[in-house]
Protein chains: 2
Amino acid sequence: MTNIRDVAKMAGVSVTTVSRVLNKHPYVSKEKKAVVLEAIKQSNYQQNINAVHLSMGKTFLVGVVVPFIDHPYFALLMKGIANEALENNYKLVFFQTNYEEAREVEAFQMLKQKQIDALIICSRISCWPTIEEYKPYGPIILCEDTRGRNMSSTFVDHYKSFIFALEYLYHKGHRKIGYTIGRKTGTNTRFREMAYKDFLNNHNLPYESDYIFEHYLHFEDGEQVIERIKQMANPPSALLVTGDEVAAGIVTSAHYRNISIPDDLAIIGFNNQPIAKMMNITTIEIPLVEIGRQLFLQAIQEGKDVTYQEIPIKLIERKTV
Amino acid sequence: MTNIRDVAKMAGVSVTTVSRVLNKHPYVSKEKKAVVLEAIKQSNYQQNINAVHLSMGKTFLVGVVVPFIDHPYFALLMKGIANEALENNYKLVFFQTNYEEAREVEAFQMLKQKQIDALIICSRISCWPTIEEYKPYGPIILCEDTRGRNMSSTFVDHYKSFIFALEYLYHKGHRKIGYTIGRKTGTNTRFREMAYKDFLNNHNLPYESDYIFEHYLHFEDGEQVIERIKQMANPPSALLVTGDEVAAGIVTSAHYRNISIPDDLAIIGFNNQPIAKMMNITTIEIPLVEIGRQLFLQAIQEGKDVTYQEIPIKLIERKTV
DNA sequence: TTGTACGCGTTATCAA
DNA sequence: TTGATAACGCGTACAA
């Protein structure tokens, strides 16, 4: 492998001059530049980027943590992050954690070791003390409401959105409202849970634990939701479904099981994915690709100031309410 | 940032000894080891991994090229790759190319610059000369049939699978068979096209260009397939659908448009994703996660020998044929 | 406008 | 069993 010194020798100049040409610095004469360029071509020279990184203390690599990638929610976030990374000449290191803390810690370690310049966490399992421990080593950006904490984020106010959707159903006459959710824990889940309870309290509605459907993530999970509802003596009349895939699965299954939507069961999905449009599902639009973009921009933002970016949501009215 | 020299000074030993402790080399006395470990703890020392990379000429980073990630096919491959990377203490650099050649070249460049040890290409746009140009710089693994070429791969024999599925439909009495496909070009597409034409020839069946549906990738695309079929004077009686998502979309749309499946239209999906199970779709199982695993293993395989790994497929009979 | 010399943090070699 | 020192390849003060 030919290195910068070889090129310098070939061109009859110093390594500095070669480096300047490489990095497009000013103050290098046309003639020398030409010789250097020629030498580079002749030798098929290629910078060893690791040496650059060592020298600069920067890698132009940003880590992205997701629990799993085979779900539209994370795939869309990832897409947005990747698009913006490309624009800014950064590359991404992909961490699939499956919500195992040890895997998340590996990402933190890479930040500490300076192999990545920043870390974006799309969904986490680690607790705050852990995250704060690694904060000094580089920007850590979260995709959840971190207001009040010393940590940057791009997020949707899930409390507000949930209240909004619930009130919408209430005004449509629904009094027996439930919701489905992907995981039991997590900040977003907690905010939604709070919103749900506050909503019930405000309207003097009873809390039915049966109306909360946990661990539903994919299209095919919709079937089980319908199964459970079929067996209930006093089923909900409306469901907030946190994810259009699941909503689509519910609509499909309901159809086969002769549950009429929206008459027997009203559905509001989340995200406004293409599948929601095709199946005419009323949904709360969450611009995941755009959120991904913002997350990335925060990750490479200069300066140490913490920023919170709330992304507004929008109700898309279609045929399932 | 404290470095290895600081630690050495603190422990009263040489950097060599510290390095030995760090890398668990033999020939270091218990006492010195203890002192070093203590100094490491005291100083909160952390290796600078870039220096390690420079010194070793290796990064334990593998690149993964996908056109986009928001599709189950690539998400599942990625999942398998990521799982295996974790097992082997490698990290992944994620390249989303959107089938733009310039983006693919960036991945090749990183290989050349030694920022990644190997490159896995799940689907490509670049042509063979380009790939071969970068071959000397590190392992490049493809997810397509590369037999006859000097390039390693894990792949499904799509020619064979297509013939198999077509014959299956033929024996069920179908004579008007079409297929849907995600993209117009690409090795896998070409093999399928060849299989389709050979099948028609072998059975003296006419070639209807209408029966080939290009650019259908997602659930919501199923609607358009059904629309087109509705408008055909002489519609196909069976469809090979390269992707269960699209198959599910077709089944759903057909239901709403009063096309009976399998009576009016038989469907064979591909991949055997969970959605196919839920919707009772007959499908060709392709173990994408397992393919991902194998791709990764080939990427880090020692030695320069080229290997071809064919992954067998299996028909899962359900209710859409 | 150009070049020398040093620093980045680690591993590997070889002598002790 | 230990340590001094030479790579690794590049960027950049600083001097000229």
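These numbers come from the heavy atoms of this one structure, side chains and all, not from hydrogens, waters or symmetry mates. Just so it is clear, the model here is predicted, and its values are computed rather than measured. Each chain gets a letter, A, B and so on, in the order the sequences are listed, and its residues count up from 1.
Among pairs with a residue in residues 93-112 of chain B, those fulfilling salt bridge (charged side-chain N to carboxylate O under 4.0 Å, His left out) read A:Lys91-B:Glu106, B:Glu100-B:Arg103, at least two apart in sequence or across chains. Residue pairs meeting the side-chain hydrogen bond (donor to acceptor under 3.5 Å, both in side chains) criterion with at least one partner in residues 6-16 of chain A, sequence neighbours excluded, are A:Ser14-A:Thr17. Counting only residues at least two apart or on different chains, the salt bridge (charged side-chain N to carboxylate O under 4.0 Å, His left out) pairs with a member in residues 66-77 of chain B are A:Lys79-B:Asp70. Screening residues 117-137 of chain A for salt bridge (charged side-chain N to carboxylate O under 4.0 Å, His left out) gives A:Arg124-A:Glu144 as the qualifying pairs, with residues at least two apart or on separate chains. Pairs of residues two or more places apart, or lying in two chains, never qualify as salt bridge (charged side-chain N to carboxylate O under 4.0 Å, His left out) while including a residue from residues 10-27 of chain B.
Checked against side chain to side chain contact (heavy atoms under 4.5 Å, CB included), A:Pro287 has the following partners two or more places apart in sequence or in another chain: A:Glu290, A:Ile311. B:Ser43 is linked by a side chain to side chain contact (heavy atoms under 4.5 Å, CB included) to B:Thr2, B:Val7, B:Met10, B:Tyr45, counting only residues two or more places apart in sequence or in another chain. A search for ring pair (Phe, Tyr, Trp, His ring centres under 6.0 Å) contacts involving B:Phe108 returns B:Tyr134, not counting sequence neighbours. With sequence neighbours excluded, the residues that form a ring pair (Phe, Tyr, Trp, His ring centres under 6.0 Å) with A:Phe296 are A:Tyr90.
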Below 3.5 Å between N/O atoms, which protein atoms pair up with nucleotides 14-16 of chain C? Just atom names and distances, please.
none

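Within residues 30-60 of chain B, the residues having any heavy atom closer than 4.0 Å to DNA chain C are, in order of number, B:Tyr45, B:Gln46, B:Gln47, B:Asn48, B:Ala51, B:Val52, B:Ser55.
Comparing the local axis fitted to the first five base pairs of the helix from C:dT1-D:dA16 to C:dA16-D:dT1 with the one fitted to its last five gives a bend of 40°, rounded to 10°.
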